[in-house]
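Everything on this sheet refers to the single structure shown next.
Both backbone and side-chain heavy atoms feed into the values below; hydrogens, waters and symmetry mates do not.
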Amino acid sequence: MNTLFEYLVRLGDDSLILGHRLSEWCGHGPILEEDIAMTNIALDLVGQATSIFKYAGEVEDKGRNEDDIAFLRFDKDYKNALLVEQPNEDFGVTMMRQFLFDAFRKPLFEQLTKSSDKHLAAIAEKSLKETKYHLKHSAEWVIRLGDGTEESHGRVQDALNTLWRYTDELFFSNEVDADLRSKGIVFSSEELKATWSEMVKEVLAQATLSIPDNGWQHDGGRKGLHSEHLGYILAELQYMQRAYPGMEW
Amino acid sequence: MVNKERIWDLMEEVFDPEVPVLTIMDLGIVRDVVQIDDYWKISITPTYSGCPAMKTIEDDIIEKLGEYGIENVSVELVLSPAWTTDWLTESGKKKLKEYGIAPPVDEVDKSVLFADPPIVPCPRCDSKNTKMISQFGSTACKAHYQCQECLEPFDYFKCLK
Ligand SMILES: [Zn+2]
């Protein structure tokens, strides 16, 4: 197995699928500024996916480019965490999902800027700057909603209770990670989880939200086993390339 | 005679499609010009990963050089070192302000969470009594502000470090 390719696909799929989810808010945001913010963040994420898949194609060396990888795989070939494919629901759910993800991605990109793989380090360096803005945005909304009205507090607490069971998977680690760790390409996911937990605790405390008991945790996304939601996303995402193969504009 | 200096000079004639008062040299996104055999390789770096202007800029560079008879040109996208607003030139910042976009003010990187937004003077009346409306504006590189004195809503070219 080409472990670097596998890892890049996970990284790129997290960006692509979450970017697609956020883009669903285009024209539906609760206020104009948030409509624009969410689509801006979606654009950053899809842009990151483009850089990552482009590099993944080179690493794989089978002649696939970034578009082939983004649009022409089957559901089991997508390796995003289940968290990012969860539906948008209301704005509170979307912001909570985003916060749990951003709090993971910021320290992840910080780690990857030190990767022995120079190309991956460059992608991380670029993406980190954007992720800092994303985290600031989502964390501030979680606080504002949690520490807001009874209604907003209740809704984001429900969102947290629902999404919490998808958070362990962000720190998934198997032989792919072990191999890349031994080469200095990626780093400890335990360390990552510790940084994440600290950030999450701090923000949720400010938001007056309580962290749910760590009960049943889902996994599967990193192995290509997805929730029912991914199929619907791919149907929309891939439609043009499936209906009109090779089309460009 | 085409030499490296000539190519760099011509880069001053290629404009950013999203903020058309700025050249790509003002933006600081042209990273390198090298001659390899019989063609010129020009390296540019994106401002943001998803910046939709990059493809247009690439085409514009090729078109501009073509106007001067320079045909063998390839444009390469490089990601490292990552672009920062520090690379905006002073004249670029001045042009931004005249265009009605507040140029980046120095922000401290450690203030990522829970920090107050930076104080950005109004590009119209110079008042510092302005407020941030949204961190995300009309394009990836801008935030949205409003002046509390003259009431002008304006874009702020936000700091990226
Ligand atoms: Zn003013």
Side-chain angles (χ1 to χ4, degrees), chain A residues 12 15-16 19 22-23 29 31-52 54-55 99 102-103 106 109-110 113 115 117-143 199 202-203 206, chain B residues 18 29 31 43-59 76-87 104 107-118 131-146 153-161:
Chain A
S15 296
L16 177 70
L22 283 175
S23 75
I31 48 173
L32 180 61
E33 286 77 10
E34 279 313 305
D35 200 286
I36 293 168
M38 286 188 283
T39 44
N40 261 285
I41 296 167
L43 189 64
D44 284 342
L45 289 168
V46 173
Q48 291 168 10
T50 309
S51 307
I52 297 166
K54 191 171 173 199
Y55 182 44
F99 168 65
D102 293 338
K106 178 176 171 272
F109 283 136
E110 277 165 349
T113 55
S115 175
D117 185 285
K118 291 295 161 250
H119 200 126
L120 179 56
I123 292 171
E125 189 196 347
K126 181 86 216 153
S127 307
L128 175 61
K129 295 184 184 201
E130 296 157 357
T131 305
K132 286 179 183 173
Y133 274 112
H134 302 172
L135 176 61
K136 187 172 163 68
H137 174 257
S138 60
E140 287 180 357
W141 270 111
V142 164
I143 293 168
M199 163 73 67
E202 189 188 342
V203 169
Q206 283 207 44
Chain B
E18 281 176 349
I29 62 171
R31 305 309 303 158
S43 304
I44 56 173
T45 192
T47 52
Y48 283 77
S49 296
C51 180
M54 294 317 288
K55 184 73 185 102
T56 310
I57 290 172
E58 201 179 309
D59 295 344
E76 180 201 46
L77 210 60
V78 292
L79 293 178
S80 180
W83 183 79
T84 149
T85 34
D86 291 344
W87 294 351
E107 291 170 44
V108 189
D109 188 38
K110 65 176 164 39
S111 68
V112 168
L113 266 191
F114 314 124
D116 291 331
K131 68 169 182 190
M132 187 176 81
I133 305 289
S134 173
Q135 255 179 67
F136 297 88
S138 57
T139 65
C141 53
K142 293 182 222 119
H144 193 203
Y145 270 70
Q146 185 176 24
F154 62 92
D155 270 336
Y156 163 55
F157 202 104
K158 69 190 176 196
C159 205
L160 192 71
K161 287 201 176 187

> Looking at V46(A), T39(A), I41(A), which one has more heavy-atom pairs under 4.5 Å with chain B than the rest?
Replying inline: I41(A)
> Got a second to check how far L120(A)'s CG is from L79(B)'s CG, nearest 0.5 Å?
Replying inline: 11.0 Å
>> Tell me whether K126(A) contacts the main-chain N or O of P81(B) through its side chain, where contact means a donor paired with an acceptor under 3.5 Å.
In response: no
> Minimum heavy-atom separation for E140(A) to Q135(B), with atom names?
Replying inline: OE1-NE2, 4.0 Å
> How many angstroms lie between NE2 in H119(A) and OG in S80(B), if you round to the nearest 0.5 Å?
Replying inline: 9.5 Å
> Under a 4.5 Å heavy-atom cut-off, does chain B meet the side chain of T50(A), its backbone, both or neither?
Replying inline: neither
>> For the interface with chain A, which of G50(B), S49(B), S134(B), S138(B) has the highest count of heavy-atom pairs at distances below 4.5 Å?
In response: S49(B)
> Quick one: does E33(A)'s side chain get under 4.5 Å of F136(B)'s, heavy atoms only?
Replying inline: no
> Can you name the closest pair of heavy atoms from A140(B) and D44(A) and give their distance?
Replying inline: CB-OD1, 4.2 Å
> Considering residues at least two apart in sequence or located in another chain, which fulfil the salt bridge (charged side-chain N to carboxylate O under 4.0 Å, His left out) criterion with E110(A)?
Replying inline: K106(A)
> Are Y48(B) and K129(A) close enough that some pair of their side-chain heavy atoms sits under 4.5 Å apart?
Replying inline: no
> By side chain to side chain donor-acceptor pair (under 3.5 Å), which residues pair with T139(B), not counting sequence neighbours?
Replying inline: K142(B)
